[in-house]
Student: 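Before anything else, here's the structure in question.
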2 protein chains.
Amino acid sequence: MSDLLERLRGRGWRMTAQRRVVAEVLDGEHVHLTADEVHARAVAKLPEISRATVYNTLGELVSLGEVLEVTTDKRAKRYDPNAHRPHHHLVCARCGAIRDVHPNGNPLADLPDSERFGFTVSDVEVTYRGLCPDCAAA
Amino acid sequence: MSDLLERLRGRGWRMTAQRRVVAEVLDGEHVHLTADEVHARAVAKLPEISRATVYNTLGELVSLGEVLEVTTDKRAKRYDPNAHRPHHHLVCARCGAIRDVHPNGNPLADLPDSERFGFTVSDVEVTYRGLCPDCAAA
DNA sequence: CACTTGACTTAGACATTGTCCATTGTAGGA
DNA sequence: TCCTACAATGGACAATGTCTAAGTCAAGTG
């Protein structure tokens with residue numbers, strides 16, 4: 001177990017069995033799960049956990065900055081527990097596989113003031129698209 | 001009217017009243033509409049057009065490369081008629097306003113081979129997030 | 001340790017967005 | 001004009017996410 005639970009407790013998070021389970025699911029597998037996948041794994045550990053609680057908890061973890069929301073495709077949002085190491089994503093256009101990638105350079109610096117329209121720009125999200133080796137072969 | 005309809009006809013697109021209306025809606029307003037907003041505007045011009053047809057037509061326009069799908073938020077996909085000038089997006093995290101932006105550099109070149117995992121990378125989508133002037137003031 | 005309080009959880013109804021299918025209509029060529 | 005394949009319709013269905021009212025429980029207090 002990581003220090004995720006410790007950090008949350010330190011922030012005054014009320015610790016419940018449900019929240020612990022959700023945090024454990026995210027912490028245990030470094031893949032990009034949908035909310036429903038998180039729920040399915042949580043149910044395996046705590047059968048009576050409800051969908052609403054999973055959604056609530058995920059939303060809170062996102063607000064706290066412990067987890068990132070990734071919306072690569074039209075379907076469900078995915079949750080990325082790797083929030084403390086900035087990174088971007090590479091998505092297979094056919095099968096939807098997702099890899100974390102670390103491009104060179106800083107895209108934030110590439111947006112000149114003249115293109116900011118007065119916005120306070122705080123974040124960039126880069127999604128590379130292509131075909132994974134398996135789909136390219138097929 | 002632009003040459004969008006001409007291009008489509010030239011590609012062997014069967015021209016129907018419904019498709020013309022959808023194309024006109026996208027062509028007329030250079031904003032980023034959701035599928036439902038497109039449908040609403042289409043209904044204003046052709047009351048009996050169905051939702052399924054709008055979805056089908058939008059999907060075809062995307063396949064043809066005449067329109068881009070943008071998924072900036074958790075909600076609906078948006079459709080960007082500005083498919084022929086490559087650009088990226090700047091989104092207000094609070095109100096969802098979207099602007100087209102043209103950053104310097106080429107993010108595709110910033111992804112080293114060692115970070116491509118054998119993928120055939122063909123496209124990049126960059127989404128800047130922040131607060132628009134109105135939301136920053138509030 | 002028991003009490004108290006307000007935050008947390010639950011179940012399920014509801015909302016939104018998108019897809020599918022069988023039927024009906026029609027564009028465009030012969 | 002007539003045919004035929006392609007397109008449109010509308011309504012059911014699916015997937016994802018949100019909300020609410022009522023019950024439950026973590027954690028601080030005495």
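Treat the numbers as computed from the prediction; the structure is a model and nothing was measured.
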Student: Give the rounded distance in Å between these two atoms: CG of B/Leu58 and P of C/dT17.
Tutor: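 The answer, rounded to whole Å, is 14 Å.
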Student: Quick one: A/Leu8 CG to D/dA27 P, roughly how many Å, whole number?
Tutor: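 In whole Å, D/dA27 P and A/Leu8 CG are 12 Å from each other.
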Student: Mind jotting down which residue pairs meet the salt bridge (charged side-chain N to carboxylate O under 4.0 Å, His left out) criterion with at least one end in residues 87-96 of chain A? Sequence neighbours excluded, please.
Tutor: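 Of all non-adjacent pairs touching residues 87-96 of chain A, none passes salt bridge (charged side-chain N to carboxylate O under 4.0 Å, His left out).
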Student: To the nearest Å, how far apart are A/Lys77 NZ and D/dA15 P?
Tutor: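 Spelled out: NZ on A/Lys77 to P on D/dA15 is 18 Å.
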Student: Atom CZ of A/Arg78 and atom P of D/dA15: how far apart are they, to the nearest Å?
Tutor: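 Rounded to the whole Å, the gap is 15 Å.
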Student: Which pair of heavy atoms, one from A/Trp13 and one from A/Leu61, lies closest together, and at what distance?
Tutor: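 Here A/Trp13 and A/Leu61 meet closest at CH2-CD2, 4.2 Å.
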Student: Quick one: which protein N/O atoms are closer than 3.5 Å to N/O atoms of nucleotides 2-4 of chain D? Pair and distance per line, please.
Tutor:
none

Student: I'd like to check the side-chain contact (heavy atoms from CB on, under 4.5 Å) partners of B/Arg116; sequence neighbours left out, ordered by chain and number.
Tutor: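 Listed in chain order: B/Leu111, B/Asp113, B/Val121.
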Student: Could you check B/Arg51 against B/Gln18 and say which one's nearest nucleotide on DNA chain D is further toward the 5' end?
Tutor: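 Nearest nucleotide further toward 5': that of B/Gln18.
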Student: I'd like to compare against my own output: the B/S/- annotation of nucleotides 21-30 of chain C with a strict under-4.0 Å heavy-atom distance to protein.
Tutor: ----BBBS--
Student: Is a side-chain donor or acceptor of B/Tyr128 paired with a backbone partner of B/His88 at a separation under 3.5 angstrom?
Tutor: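 Checking the backbone N and O of B/His88 against the side chain of B/Tyr128, no donor-acceptor pair under 3.5 Å is found.
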Student: Go through the structure and list residues passing salt bridge (Lys or Arg N to Asp or Glu O under 4.0 Å) with A/Arg85, not counting sequence neighbours.
Tutor: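 Not a single residue meets the salt bridge (Lys or Arg N to Asp or Glu O under 4.0 Å) criterion with A/Arg85.
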Student: Among all residues two or more places apart in sequence or in another chain, which pass the side-chain contact (heavy atoms from CB on, under 4.5 Å) test with B/Asp123?
Tutor: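 With neighbours one apart ignored, the set is A/Arg129.
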Student: Among residues 37-48 of chain B, which contact DNA chain C at a heavy-atom distance under 4.0 Å?
Tutor: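 None - not one residue of the stretch has a heavy atom sitting under 4.0 Å from the strand.
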Student: List the atom pairs, donor and acceptor, that lie under 3.5 Å between side-chain atoms in residues 40-50 of chain B and the rest of the protein, sequence neighbours left out.
Tutor:
unit_1  : atom_1 : unit_2  : atom_2 : d
B/Arg41 : NE     : B/Glu29 : OE2    : 2.7
B/Ser50 : OG     : B/Thr53 : N      : 3.3
B/Ser50 : OG     : B/Thr53 : OG1    : 3.1

Student: Taking only residues two or more places apart in sequence or in another chain, which ones pass side-chain contact (heavy atoms from CB on, under 4.5 Å) with A/Asp36?
Tutor: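 Scan of A/Asp36 (side-chain contact (heavy atoms from CB on, under 4.5 Å), adjacent residues dropped) gives A/Thr34, A/Arg51, A/Tyr55.
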Student: Excluding sequence neighbours, so at least two apart, what forms ring pair (Phe, Tyr, Trp, His ring centres under 6.0 Å) with A/His32?
Tutor: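 A/His32 satisfies ring pair (Phe, Tyr, Trp, His ring centres under 6.0 Å) with A/His89 only.
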Student: For B/Arg78, enumerate each residue passing the salt bridge (Lys or Arg N to Asp or Glu O under 4.0 Å) test, keeping only those at least two apart in sequence or located in another chain.
Tutor: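 Result, salt bridge (Lys or Arg N to Asp or Glu O under 4.0 Å) vs B/Arg78: B/Glu37.
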Student: List for me each residue that meets side-chain contact (heavy atoms from CB on, under 4.5 Å) alongside B/Pro112, sequence neighbours excluded, and say none if there are none.
Tutor: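 side-chain contact (heavy atoms from CB on, under 4.5 Å) list for B/Pro112, sorted by chain: A/Asn104, B/Ser114, B/Glu115.
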Student: Answer yes or no: does a side-chain N or O of B/Tyr55 lie under 4.0 Å from OP1 or OP2 of C/dT19?
Tutor: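 No, B/Tyr55 has no side-chain N/O under 4.0 Å of OP1/OP2 on C/dT19.
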Student: With respect to the side chain of B/Thr53, which nucleotide from D/dG17, C/dT10, D/dA8 is positioned closest?
Tutor: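 Closest of the options to the side chain of B/Thr53: D/dA8.
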Student: Select base, sugar-phosphate, or nothing to describe what A/Arg19 touches, counting heavy atoms under 4.0 Å on all strands.
Tutor: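 Since only primed, P, OP1 and OP2 atoms lie under 4.0 Å of A/Arg19, the category is sugar-phosphate.
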Student: Atom CD1 of A/Ile49 to atom P of C/dG12: distance rounded to whole Å?
Tutor: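 After rounding, the reported distance stands at 16 Å.
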Student: Tell me: CD of A/Glu60 to P of C/dT9, nearest whole Å?
Tutor: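 A/Glu60 atom CD is separated from C/dT9 atom P by 7 Å.
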